[in-house]
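Along the sequence shown, residues are numbered consecutively beginning with 1. Order of listing sets the numbers, starting from 1, for every ligand and every atom in it.
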Amino acid sequence: MKSKASAPGKVILFGEHFVVYGVKAILCSIDRRVTVTAEKIKERKISIKSNIGNLELEPGKAIKEIDSPLKPFYYLADKILQKRDSGIKIQVESEIPLGVGLGSSSACCVAGAAAISKLFSELSKEEILGMAIEAEKTIFQNTSGADCTVCTFGGIMEYDKEHGFLKIKSEPNFHLVIANSNIEHSTEVIVKDVKSFKDNNENEFSNLCNNEHELIKEVLELLKKNKIKELGEKVNQNQKYLEIIGISNDKIRKMIEIGNESSYGTKITGAGGGGCVFALTDNSNLDKTIKRFKEKNYECFSVKIDFQGLNTF
Ligand code: MEV
């Protein structure tokens, strides 16, 4: 028996890092996906194949002892096999570059939880999300849950840790140009660095959280009115806050300058320290913005908002 699921990647439009401390974030899922196929097998093993490597182990191993980016899949399969005799074979196909802030690991956790659980039972999206967040915690303990939430439910949403998500009903007609610094980051390490910044600068960090909170309120109003240029100014404002908490670097700053030559605003998306920036555009400056990044030899592509979220087959 086989089952298949696919989940989209994501872009955090506003509020990364501050969301870990309870501030609201605004994020959307994007039209790049991870597809996971799971198969029940007789042999008592968990076998995972992906374009970033393979992992094959017996069930029952301690998660702490597994040193592989495929650990969340093992965790999910092992949990489901606890009271069962069979094994599971998993195949992962991804269109999302890894470790650059576009939600590849969250999409893996969501599609993995859906495909693996479907071999044995039919779960709701909320239950799948719960499993996906647990799996994500095997690689990043302090997750806010924002990424897995948007990869499950799709679309554009506001999210905070206390209240969960609320879909944003307007469908803004912007285009996001993503440019990749090709510096891989560990979300866990960068979130720890931000915590050190917070611990050493309690007042400043608390002011930044308040500023971010105000900015998000304004952004929600601008989204309703589809005011792309003004949203771009908020993107640049948010980037300033990210600069202060120390998740930017020289390469990112250069990329932001390039983006701002023709887009309405450019910022880091996700953990930072490398990874990707996005530039906010509409039809009038989309091609120009892509061209500018490409001329400077950056991997660059445009994405649209995905409105489907998790799909199971
Ligand atoms: C990572 O994509 C987003 C962070 O805010 C961490 C999190 O929300 O769990 C940096």
Side-chain angles (χ1 to χ4, degrees), residues 7-30 32 34 69 72 94 96-110 129-130 132-154 156-166 176 178-181 183-199 205 208-209 211-213 215-216 219 235 238-239 241-249 252 267-278 303 305-306 309:
K10 66 91 197 20
V11 166
I12 301 198
L13 297 167
F14 299 93
E16 51 274 271
H17 288 290
F18 301 106
V19 68
V20 174
Y21 299 94
V23 178
K24 201 179 271 182
I26 298 180
L27 61 167
C28 65
S29 61
I30 57 173
R32 296 224 160 187
V34 168
S94 176
I96 310 170
L98 194 82
V100 290
L102 297 179
S104 64
S105 48
S106 312
C108 279
C109 291
V110 171
L129 172 61
I133 292 178
E134 266 183 48
E136 192 179 40
K137 285 187 175 169
T138 66
I139 44 170
F140 169 35
Q141 182 59 38
N142 205 20
T143 174
S144 69
D147 294 6
C148 282
T149 302
V150 81
C151 295
T152 304
F153 293 99
I156 173 166
M157 59 172 62
E158 42 178 283
Y159 174 90
D160 74 67
K161 269 167 75 165
E162 192 188 344
H163 304 100
F165 76 97
L166 188 66
L176 299 175
I178 308 284
N180 190 348
S181 71
I183 306 173
E184 266 192 43
H185 61 204
S186 152
T187 302
E188 176 148 52
V189 170
I190 309 226
V191 168
K192 269 195 195 134
D193 292 345
V194 172
K195 178 159 187 324
S196 304
F197 175 88
K198 173 187 169 286
D199 292 346
F205 194 80
L208 284 168
C209 284
N211 292 347
E212 185 73 36
H213 174 78
L215 181 132
I216 300 272
V219 165
V235 168
N238 198 158
Q239 176 58 28
Y241 304 155
L242 297 178
E243 286 284 346
I244 298 172
I245 62 172
I247 65 156
S248 192
N249 59 38
I252 298 274
K267 71 177 266 294
I268 288 169
T269 182
C276 289
V277 300
F278 76 81
V303 293
I305 301 178
D306 150 281

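Taking every heavy atom of Lys10 and a limit of under 4.0 angstrom, the matching atoms of ligand 1 come to 2 (O). Listed by atom number, the atoms of ligand 1 under 4.0 Å from Gly270 heavy atoms are 2 (O). Applying the 4.0 Å criterion to heavy atoms of Ile12 picks out, from ligand 1, the atoms 2 (O), 3 (C). Close contacts of ligand 1 with Val19, meaning ligand atoms under 4.0 Å from a residue heavy atom, involve 5 (O), 8 (O). Each of the atoms 5 (O) of ligand 1 lies under 4.0 Å from some heavy atom of Glu16.
A donor atom on one side chain and an acceptor atom on the other are not found under 3.5 Å apart for Asn142 and Glu188. Between the side chains of Ser106 and Glu136, at least one donor N or O lies within less than 3.5 Å of an accepting N or O.
The distance from atom CD1 of Ile30 to atom CD1 of Ile96, rounded to the nearest 0.5 Å, is 6.0 Å.
Of the possible donor and acceptor atoms, one in the side chain of Gln239 sits under 3.5 Å from a partner among the backbone N and O of Ile268. In this structure a side-chain-to-backbone donor-acceptor pair under 3.5 Å is missing from His17 to Val191.
Among all non-hydrogen protein atoms, the one lying nearest atom 2 (O) of ligand 1 is Asp147 OD2, 2.7 Å. Among all non-hydrogen protein atoms, the one lying nearest atom 4 (C) of ligand 1 is His17 N, 4.0 Å. Atom 8 (O) of ligand 1 has Ser144 OG, 2.6 Å as its closest protein atom, hydrogens excluded (heavy atom only).
Within the 4.0 Å heavy-atom criterion, neither part of Ile190 lies near ligand 1.
Remark: distances from the non-hydrogen atoms of Phe18 to ligand 1 are all 4.0 Å or more.
A distance of 6.0 Å or more separates the ring centres of Phe205 and Tyr241.
Here the options are Asp306, Ile12, Ile156, Val303, the test is side-chain contact (heavy atoms from CB on, under 4.5 Å), and the partner is Cys28; only Ile156 passes.
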